[in-house]
Amino acid sequence: MSKKTLKTGLLGEHLSHSFSPQIHAQLADYEYRLIELTQEELGPFLEKGDFDALNVTIPYKKDVIPYMAVLSDTAKRIGAVNTIVKQPDGRLFGYNTDYDGLSDMIDSLGTSLSGKKVLVLGSGGASRTAVTVATDRGARAVIVVSRSGEDNYNNLHRHADAEVIINATPVGMYPHNGKAPLSLAAFPHLEAVFDLIYNPARTALLLEAEARGIPCQNGLVMLVSQARRASELFQNCEISRTVSGDIAKKMQFDAENIILIGMPGCGKSTLGKLLAEHLDRPFFDADAALAEHAGRSIPDIFREEGEEGFRLRESETLAALCKQSGSVIATGGGAVTRERNYPLLHQNGKILFLDISPENLPTEGRPLSMARTPEALYRERLPLYRRFADITVPVTRDIAENMKRIKEALGV
């Protein structure tokens, strides 16, 4: 059977936000569709067998097992199937490639679990995969933390010596950004933190790990790697691991917001619109969105509510805008003056500081720039811009030259 004639897809209940078709399209050339079924439809669909191979996701990874003629050793031990391959005689073989994906995720950080104490957060299907991988990799202890189990979030002090944490819960997943299952402050010996969530790119848990200098990784590598292994099973072939690495990098860039920070009047909105058009992304101006929501101009908000009132509104606006993926967002010049804004911008974004000489800055219609000289404001904010920024791009009043520099900085 040629690859092009393979009938494959993802089996689940609610699949509209799945990245799987996008990933498999980059892995091979075969039909891959989203198959949403109710519990009652599951059995008849599998028995009819109108497919060559399937991926399986929530909530059916356990429910498909009775229909499998053969289970891989890994699927047996985990008690879940996420990949099905129909044999020439019609029998269904069940595999678990989440195991391979999590293994590659751990390897991507260069982390050894041998002899380590590992905390696995959550007790669902993803947790069972994490426990199996950690055990196979020689962890000296694997502790499952759940809300009501023997090891729970009220007695974490018993595990202050944990060296690795794997979050297998959905806590912090979009749209509930900003939440974390626990604080890392209680674990002074941590060497690595893994979060199976990939949207946002940096959950609150990963943001805290970054702030503490702890190596960490989100779940995108696992997602792509398990798909690569599934595709190998679909086609009975081998696909280089570098392929999944390249796909993960591209998906990360496509999903990541590009966020422009810099002094008022440095050209964030103008350049942001041009960049969004070049990349075929939506563009958002944070100040414009704030003013529209408030029903008043920025100077009016400053006059009526003061700077602190404006900054509260600004943080609320950034929280809403930066939850999104794949956008270009121009911030207000003072967004960096509130530390609470950093995780909002950084959770799902690459932050570019457009650094312009203050003598080139306009002041009209800009409350703080009119109250103080651009030079004084620049000196005060420069350390903040540098702290927030992933990339610094020197800019002038030459729009074409500025766009060239931004594209070069982004590699686009």
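Just so it is clear, the values below take in all heavy atoms, side chains as well, and ignore hydrogens, waters and symmetry mates.
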Engineer: Thinking salt bridges, do Asp73 and Arg77 make one under a 4.0 Å N-O criterion?
Structural biologist: yes
Engineer: If you measure from the Lys or Arg side-chain nitrogens to the Asp or Glu carboxylate oxygens, is any gap between Arg212 and Glu210 under 4.0 Å?
Structural biologist: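 Salt bridge absent between Arg212 and Glu210.
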Engineer: Taking NZ, NE, NH1 and NH2 as the nitrogens, is one of them in Asp195 or Arg202 under 4.0 Å from a carboxylate oxygen of the other?
Structural biologist: no
Engineer: Would you indicate whether Glu408, at its atom CD, is surrounded by more than 12 heavy atoms from other residues, nucleotides or ligands within a distance under 6.0 Å?
Structural biologist: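 More than 12 heavy atoms, drawn from other residues, nucleotides or ligands, come within 6.0 Å of this atom.
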Engineer: Give a yes or no on whether Lys350 atom NZ has more than 12 heavy-atom contacts from other residues, nucleotides or ligands under 6.0 Å away.
Structural biologist: no
Engineer: Does Arg338 pair with Glu308 as a salt bridge, N-O distance under 4.0 Å?
Structural biologist: yes
Engineer: Are the side chain of Asp355 and the backbone N or O of Leu382 linked by a donor-acceptor pair below 3.5 Å?
Structural biologist: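 No; zero donor-acceptor contacts below 3.5 Å.
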Engineer: If you take the centroid of each ring, where Trp contributes its six-membered ring, are His24 and Phe234 closer together than 6.0 Å?
Structural biologist: yes
Engineer: Do the side-chain N and O atoms of Thr242 and Ser240 include a donor-acceptor pair separated by under 3.5 angstrom?
Structural biologist: yes
Engineer: For a quick check under 3.5 Å, do Thr8 and Glu31 share a side-chain donor-acceptor pair by atom type?
Structural biologist: no
Engineer: Could you tell me whether the side chain of Asp246 and the main chain of Val243 form a donor-acceptor pair under 3.5 Å?
Structural biologist: no
Engineer: In chain order, what residues pass the side-chain hydrogen bond (donor to acceptor under 3.5 Å, both in side chains) check against Arg281, with sequence neighbours excluded?
Structural biologist: none
Engineer: Does CD belonging to Glu277 count more than 12 external heavy atoms closer than 6.0 Å?
Structural biologist: no
Engineer: Salt-bridge test for Arg296 and Glu305: reply yes if a basic N is under 4.0 Å from a carboxylate O, no otherwise.
Structural biologist: yes
Engineer: Short question: side chain of Thr337, backbone of Gly334 - any donor-acceptor pair under 3.5 Å?
Structural biologist: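 It does hold such a pair.
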Engineer: Do NZ/NE/NH1/NH2 and the carboxylate oxygens of Glu163 and Arg140 come within less than 4.0 Å?
Structural biologist: yes
Engineer: Parallel, tilted or perpendicular for His346 and Tyr342, by the 30°/60° rule?
Structural biologist: parallel
Engineer: Crowded around Ile399 CD1? As in, over 12 foreign heavy atoms under 6.0 Å?
Structural biologist: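 No, because the 6.0 Å sphere around CD1 of Ile399 holds 12 heavy atoms or fewer from other groups.
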Engineer: For the pair Glu232 and Arg229, find out whether any cationic side-chain nitrogen is under 4.0 Å from an anionic carboxylate oxygen.
Structural biologist: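 The answer is yes: the pair qualifies as a salt bridge.
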Engineer: Can you tell whether the side chains of Lys117 and Asp161 come within less than 4.0 Å, N to carboxylate O?
Structural biologist: yes
